[in-house]
Amino acid sequence: MNNQWFSKIAVWLVIAMVLFTVFKQFEPRSAAGNSSIGYSEFLDEVVAKHVKSVTIQEGPGGTEIQAVTNDDRKLRTTATYLDRGLVGDLRANGVKFDVKQREEGSLLMTLLVSWGPMLLLIGVWVYFMRQMQGGGKGGAFSFGKSKARLLDESANTVTFADVAGCDEAKEEVKEVVDFLRDPQKFQKLGGRIPRGLLLVGPPGTGKTLLAKSIAGEAKVPFFAISGSDFVEMFVGVGASRVRDMFDNAKKNAPCIIFIDEIDAVGRQRGAGLGGGNDEREQTLNQMLVEMDGFETNVGVIVVAATNRPDILDVALLRPGRFDRQVYVTLPDIRGREQILNVHMRKIPAGQDVNPNVIARGTPGMSGADLANLCNEAALMAARRNARVVEMQDFEKAKDKILMGPERKSMVMPEEERRNTAYHESGHALLGKLLPKCDPVHKVTVIPRGRALGVTMSMPEKDRYSYDSEYMLSQISMLFGGRIAEEVFMKQMTTGASNDFERATHIARDMVMRYGMTDALGPMVYADNEGEVFLGRSVTKTTNMSEQTMQKVDAEVRRIIDQQYALARKLIEENEDKMHAMAKALLEWETIDAEQIDDIMAGKAPRPPKDWTPRTPPPAGGPGSGGAPAVTAEPAHTAV
């Protein structure tokens, strides 16, 4: 910002000096009002007694004579030398005269006025050329310079202590840091420093944070740049930036170069719809050469991050360039607890906040999701003017993130509320009766996000694979909403469209991808379904005959029909529980796992802890009010 202000002030100073010089150049002719005459004409005026006073000013450059006539006209003339006879002529004709020595400042001003414009033009030209070049800092001619930013050690305070939930990835990068600190430890055993380290993982898992911690721990120069900073509309600019970046890195070796989102420049060459891109491919080619080409970059380690490793060029991933790939996966329950502990240092947490309980209720969340959860909990506490963030704030924040914000102001007709209550009761009932379904933890008919109601299930532990019985139970549970509408409301609504879509997708994957049917066996029938814009083939090949496709459709239909029949049978056999659950939802709007267990056991459900009776809506009128939602354990699956 200071450089920008300095540049603006300098420009205005240059403009002011140019204007001053121009005005000064014209001042003797316009402002002074003197008339220039020849020396002989001046002598004629003296002899004719037309001059009453004269001022003679002598200097190194000649003699300047200024005269005042009888009618107060001002005359000016110059001579290369002082005429000794002039004094006699002046005395003879009664002219008063005075002789002065010219000041050096006047000569300097004359020289400045004469040569000033030329010198200023040269200065302005040099100044603007330097501004356009910019030295790699945004000038018009600096687009070939690297945009990598050198991180200052004092500005980057992130260390390995600030990174949690990825212990294996931290061990991998710690080895790189140790090599930079003490290379002799590895070199004496024949080991060499890795040239490239690729961080791979889903979005939000902490790849960039892990790279920052490397910079904070290594205490070596750290250049950071994004993959999109290389590519421009002019062919060859990206390659020039790559060369300049590695040249700067060599001067600061040993050092680390971090390239975030490297897939922007490292995508497969010559693949995808429309062929290759000359600028991007030349940039990638230059990067390949710099990392492992004819010249070896000793002491320069390239750390890159991406969440799309499948589209990277194979030449970029080979040993010698990116020697190792570090997978930063979604954290497990222990990793989530560690991440929550890191983020809870920044907020005043209450005594009842248990990170272990929160971690158990947030399966599938990334580090970024957990950071957002802590922030939302702090905002919840601020809204109720609390001094600390309590457990109820975390529970409400989880509900908001997983299910969407509550829309209590939405007015629903009573019939539609009853339909939604039976719909969600059907999901919840099947979730309790089917053997492999995740435990149901909350059911609500309060509209959240785009849904009119939500049934939330939370797994008891992290899942990394699914068996066929679990998937079949999921299909049956998804059909519970439509079946409840048919059996108890005698109608069909559009609310089950997403349920059908998900159920069909699961059944088709079981048949075509996972080989979970006896009729078609362990064979994959879903080939070549990649996006053409991501470097995949333009044409789509099908390895199935029409007869096989008919068998696939028949198996999908068989699975869906069987699970639909099973779901309908269970709902019809538990009609009393369906009525009790729907009644509880209409009265309290939200029920949790304990209340659902009471209903399944045939007991009257206990009222919510913070429930207060609401005024029933007028008969036949809309009813959307009610008690606030009861907080419970968060959801993993929302139906």
Side-chain angles (χ1 to χ4, degrees), residues 419-443 451 453-460 463 465-521 550-582 584-585 591 593 596-597 599-602 635-639:
N419 188 86
T420 302
Y422 277 106
H423 182 107
E424 300 304 331
S425 298
H427 290 312
L429 178 73
L430 294 176
K432 298 295 292 185
L433 295 177
L434 294 170
K436 285 295 186 76
C437 281
D438 295 325
V440 179
H441 271 264
K442 180 178 291 187
V443 183
V454 179
T455 300
M456 302 171 57
S457 300
M458 185 188 70
E460 296 176 338
R463 289 184 178 271
S465 62
Y466 304 99
D467 56 40
S468 59
E469 189 175 359
Y470 173 84
M471 301 181 76
L472 292 174
S473 297
Q474 287 294 310
I475 295 174
S476 297
M477 183 178 176
L478 287 167
F479 286 140
R482 167 55 68 85
I483 294 173
E485 293 177 3
E486 293 180 1
V487 173
F488 299 103
M489 298 298 296
K490 309 300 181 183
Q491 64 180 0
M492 298 181 184
T493 67
T494 58
S497 60
N498 183 253
D499 298 334
F500 294 162
E501 182 180 349
R502 292 167 59 190
T504 305
H505 181 73
I506 295 173
R508 190 168 293 277
D509 282 346
M510 291 179 64
V511 175
M512 300 181 66
R513 292 182 180 274
Y514 308 137
M516 292 181 175
T517 59
D518 296 332
L520 295 172
Q550 292 176 359
K551 290 182 180 180
V552 169
D553 292 338
E555 282 297 303
V556 173
R557 167 55 63 185
R558 180 186 63 80
I559 292 174
I560 289 177
D561 289 344
Q562 287 182 354
Q563 299 310 308
Y564 191 91
L566 174 62
R568 189 179 187 96
K569 177 175 178 294
L570 292 175
I571 288 177
E572 290 176 347
E573 291 176 352
N574 294 271
E575 182 176 348
D576 56 337
K577 297 180 177 62
M578 286 289 298
H579 288 305
M581 198 175 301
L585 284 172
I591 57 177
I596 295 174
D597 291 338
I599 293 173
M600 298 304 295
H636 173 61
T637 304
V639 180

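- The minimum heavy-atom distance between M516 and D467, with the atom names listed, is CE-C, 4.4 Å.
- The CG atom of L566 sits 13.5 Å away from the CE atom of M477 when rounded to the nearest 0.5 Å.
- Put simply, CD on Q563 and CE on M471 are 11.5 Å apart, with the number rounded to the nearest 0.5 Å.
- The two residues S425 and L585 make their nearest non-hydrogen contact at OG-CD1, 3.5 Å.
- Although no hydrogens or angles enter the test, the distance criterion places no donor-acceptor pair under 3.5 Å between the side chain of H441 and the main chain of A593.
- When atom types are taken as modelled, the side chain of E555 and the backbone of T517 share no donor-acceptor pair closer than 3.5 angstrom.
- Residue L570 holds its CG atom at 11.5 Å from CE of M578, rounded to the nearest 0.5 Å.
- Note on ring orientation: taking the six-membered ring where Trp is involved, the planes of Y470 and Y466 are parallel (angle under 30°, cut-offs 30° and 60°).
- Rounding to the nearest 0.5 Å gives a distance of 6.0 Å between CD1 of I475 and CD1 of I559.
- We find the CE-CE distance between M600 and M581 to be 6.0 Å, quoted to the nearest 0.5 Å.
- Side-chain atoms of M510 and I506, non-hydrogen and from C-beta on, do get closer than 4.5 Å to each other.
- When all heavy atoms of A584 and I591 are compared, the closest pair comes out as CB-CG2, 4.0 Å.
- Residues V440 and S457 share a closest heavy-atom pair of CG2-OG, 4.0 Å.
- For the pair V511 and L520, the minimum side-chain heavy-atom distance is below 4.5 Å.
- Residue-environment remark: CG (D518) stays at or below the threshold of 12 foreign heavy atoms within 6.0 Å.
- The side-chain heavy atoms of R568 and F479, taken from C-beta on, include no pair separated by under 4.5 Å.
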message: Before you tell me yes or no, could you show the steps for E572 and I483 under side-chain contact (heavy atoms from CB on, under 4.5 Å), namely the whole-Å CA-CA distance, both residues' side-chain angles and the distance that decides it to 0.1 Å?
response: CA-CA 9 Å; E572 290 176 347; I483 294 173; 6.0 Å; no

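- Taking the side chain as every heavy atom from C-beta outward, Q474 and L434 never approach each other to under 4.5 Å.
- No side-chain heavy atom of I596 sits less than 4.5 Å from a side-chain heavy atom of K442.
- Annotation: side chain of R508 is in contact with side chain of D553 (closest heavy-atom distance under 4.5 Å).
- Between E485 atom CD and M492 atom CE the span is 9.0 Å, to the nearest 0.5 Å.
- The minimum heavy-atom distance linking L430 with C437 is given by the pair O-SG, 4.3 Å.
- Under 3.5 Å, the side chains of H505 and D509 contain a donor-acceptor pair of N or O atoms.
- Across all their heavy atoms, P435 and E469 have their closest contact at CG-OE2, 3.4 Å.
- In this structure the side chain of Y422 reaches within 4.5 angstrom of the side chain of H579, judged on heavy atoms.
- Salt bridge absent: D499 and R482 never bring a charged side-chain N and a carboxylate O closer than 4.0 Å.
- Judged purely by atom type and a 3.5 angstrom limit, E424 uses its side chain to pair as donor or acceptor with the backbone of T455.
- The local environment of CZ in R558 is crowded, with over 12 non-hydrogen atoms from other residues, nucleotides or ligands closer than 6.0 Å.
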